[in-house]
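Proteins come first, then strands; the chains are lettered A, B, ... in the order of their sequence lines, and each starts at number 1.
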There are 2 protein chains.
Amino acid sequence: MADLARVAGVSKITISRALSDSPLVNKETRERLQALAHQLGYKLNVSARNLRLRRSHTVAVIVEMKPSNDRTMLDPYPLVLLGGISQELTANGYSVLLTTRQGATAAAVQAADGLILLGQGSRQDAVRRFDKLGLPMVVWGAPGERDEHIVVGSDNRQGGSVVAEHFIHQGRRHPVFVGNPNHPEIFERLNGFVDALAAHGIKPLLIRRDEFTLASGMDAMHSLVERQVPFDAVFACSDLLAMGAIRALNEMGRSVPGDVSVVGYDDMPLAASFLPPLSSVRQDWQEGGTLLARKVLALINDETAQSETLPVELMVRAT
Amino acid sequence: MADLARVAGVSKITISRALSDSPLVNKETRERLQALAHQLGYKLNVSARNLRLRRSHTVAVIVEMKPSNDRTMLDPYPLVLLGGISQELTANGYSVLLTTRQGATAAAVQAADGLILLGQGSRQDAVRRFDKLGLPMVVWGAPGERDEHIVVGSDNRQGGSVVAEHFIHQGRRHPVFVGNPNHPEIFERLNGFVDALAAHGIKPLLIRRDEFTLASGMDAMHSLVERQVPFDAVFACSDLLAMGAIRALNEMGRSVPGDVSVVGYDDMPLAASFLPPLSSVRQDWQEGGTLLARKVLALINDETAQSETLPVELMVRAT
DNA sequence: GTTGCGATTGTTATCGATATCATCGATGGT
DNA sequence: ACCATCGATGATATCGATAACAATCGCAAC
């Protein structure tokens, strides 16, 4: 910038002003300087500006990436969150610094203006750890009773209850829940499910399965039939589990939805073209990402923001 | 840091040295100062350090995120690339700055020490645009004849040829290729397929389908049967296409693999538990990410690096 | 006793931008 | 003719770290 100033015969500060379109400099000189800068291939040194402005225009997104059969951020749907976040942030001139929990010790995270926590890594212990950075922070997940931070999440409780209503409406009397209630989000689904059923005097059966796979869904049905438990409806907390369940049921000679009704979760693209087309609960991940981003930005700008819960929608199809 | 120095009764530079574990400071004072810094909750200002060191320890990863029915980086498998990149970079003290092509104008990208381009956005025009930033750059994709930049990609040509060999070995004489050869990567698969078959005097049929969906795969088979084209093998360039093809074939009374053999691509987790278990070409995305990261790091450190191609593996299952 | 060297610590300049306050000429009202 | 005001530009200090070089001390060698 000093070089530019010398060439143009003005002072550094005038260059700075011209390049940031400040109305303080004469319109003509401003344009002249901008042209010159462009012509000379001048590149702003972002680090210097960050230092001076004490802002990096960067938000760190911390995800859980550990590959496993458990649910990870590498699943496609949670990643749509990232898409939403990225879109909203860049629209506001911010960048996304992607980090895992392990990598979060890296220097760059400290330079961020704000923090977004994604994935089940965002349990209380992890949350507290990042809280200490003293940065504006927003968490994706199930809102706890008394968290000090802002939480955005889709309404898992409602997800559970709409499925319950759906079963009730179909006259089902012996519903089963398949999934891993250790995940706070899934725990909420279970709660919503149980409570809504209780209003009709029905108590569902819980089949705990930790993996979100087709095989796991099949296995759940096998054990159910083996134990000769009567059931006529299955709420699987992921689409893969649901598909596995349907396959196992068919193999064992039970019809879906004739004998058993099945509903999945996430409404993955495959759900609609599954045979039979799978009913599933859809959550708007993209919108979730947008919201997360808006809230951190608000916090960064010293505005207020509140926790928020996004509604879900039951896509009723053939099962 | 100045505050720390005052409190500790030493100079700033000693603090700086102590905190970076420099052997220049006495071991005891070093430890004393480190403890003090920790106790006072001192946080290094990364922007200042970046400015001084002229390094941000950050690599920008530019992906194509535009949601569409076309293939995007939001597909789960390409994202494993990101996982590999992230892991390798953080292991070396670098951070990942995630950006879309649109967002790449944002300031922070200019501060990056290097660039990784992912997704079909990395066509020549886009590549050239980022080349102008003058940063070390590595691209994921199919290596072109004469690119000036470093390319890492999986061996799509080999992917095509192993499938061809497989069909030949099974005695198939009328193979079909389903996919969108506009993607450079898929074009390579097609080339490998065609060439390997040509060695046996066989010329495959190309059914062009742009979407990577189940429906698209079904549709391809329908049109094939409608036109009464004889065929006994299908190479689909994605697993979803392959699954759609199998379903359509079964519905039309053709058995897989009895009448028609089908092979997919990517070996998604579902492939193995599909009915019948789907044969598919697997590429090691994780390793690809690791390589991409290693190469940028090499370039950043003024070492040399070369383009590289990763082998693929045909998982032979029931189809 | 002095010179020299190694181990520590300090002084000053620097990275590249921007905020604050100062400057300067022109304009205009009285 | 004089002072106030405004528009445009500049001088300097500053953000918080680190590099290069200087300084100090103790101790050993001659």
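In this structure the side chain of L310(A) never reaches within 4.5 angstrom of the side chain of Q283(A), judged on heavy atoms. Considering only heavy atoms from C-beta on, M137(B) comes within 4.5 Å of V127(B) through its side chain.
Salt bridge annotation for D3(B)-R6(B): present, with a cationic side-chain nitrogen under 4.0 angstrom from a carboxylate oxygen.
Side-chain contact check for D113(B) and S56(B): at least one donor-acceptor pair (N or O, by modelled atom type) lies under 3.5 Å. Side-chain N/O atoms of Q34(A) and D21(A) include a donor and acceptor closer than 3.5 Å.
Using a 4.0 Å heavy-atom criterion, one finds that R52(A) contacts the bases of the nucleic acid, with or without backbone contacts as well. At the heavy-atom level, V46(A) lies nowhere under 4.0 Å from the strands shown.
One atom, CZ of R55(A), and another, C1' of dG16(D), lie 18 Å apart when rounded to the nearest Å. Counting to the nearest Å, the C1' atom of dT18(D) and the CZ atom of R49(B) are 10 Å from each other. Summarising the geometry, the separation between CG on L53(B) and P on dA19(D) is reported as 6 Å, rounded to the nearest angstrom. Counting to the nearest Å, the C1' atom of dG16(D) and the CG atom of N45(B) are 5 Å from each other. The separation between E28(A) atom CD and dG7(D) atom C1' is 13 Å, rounded to whole Å. In this entry the distance linking CG of N26(B) with C1' of dT24(D) reads 15 Å, nearest Å. The CD1-C1' distance, from I13(A) to dT14(D), rounds to 12 Å in whole Å. Atom CG in N50(A) sits roughly 18 Å away from atom P in dC15(C) (whole-Å rounding).
Distances from the side chain of M1(A) to the nucleotides dG10(C), dA17(C), dC15(D) place dA17(C) closest. With dT18(D), dG10(C), dT8(C) as the candidates, the nucleotide lying closest to the side chain of L24(B) is dT8(C). For L44(B), the listed nucleotide lying nearest its side chain is dA17(D); candidates were dA17(D), dC15(D), dA11(D). The listed nucleotides are dT9(C), dT18(C), dG16(D); the one nearest the side chain of L51(B) is dG16(D).
With DNA chain C read from its 5' end, the first of the two nearest nucleotides for K27(B) and A48(A) is the one closest to K27(B). In terms of position on DNA chain D, the residue among P23(A) and K12(A) whose nearest nucleotide sits closer to the 5' end is P23(A).
Within a 6.0 Å sphere centred on CZ of F187(A), other residues, nucleotides and ligands contribute 12 heavy atoms or fewer.
OP1 and OP2 of dC15(C) both lie 4.0 Å or more from every side-chain N or O belonging to R54(B). For T29(A) and dT9(D), the shortest distance from a side-chain N or O to OP1 or OP2 is below 4.0 Å. Contact annotation: R17(A) does not reach the phosphate of dT18(C) (side-chain N/O to OP1 or OP2, under 4.0 Å). Between T14(B) and the phosphate of dG10(C), there is a side-chain N or O to OP1/OP2 separation shorter than 4.0 Å. Of the side-chain N and O atoms in Y42(A), one or more sit less than 4.0 angstrom from OP1 or OP2 of dA17(C).
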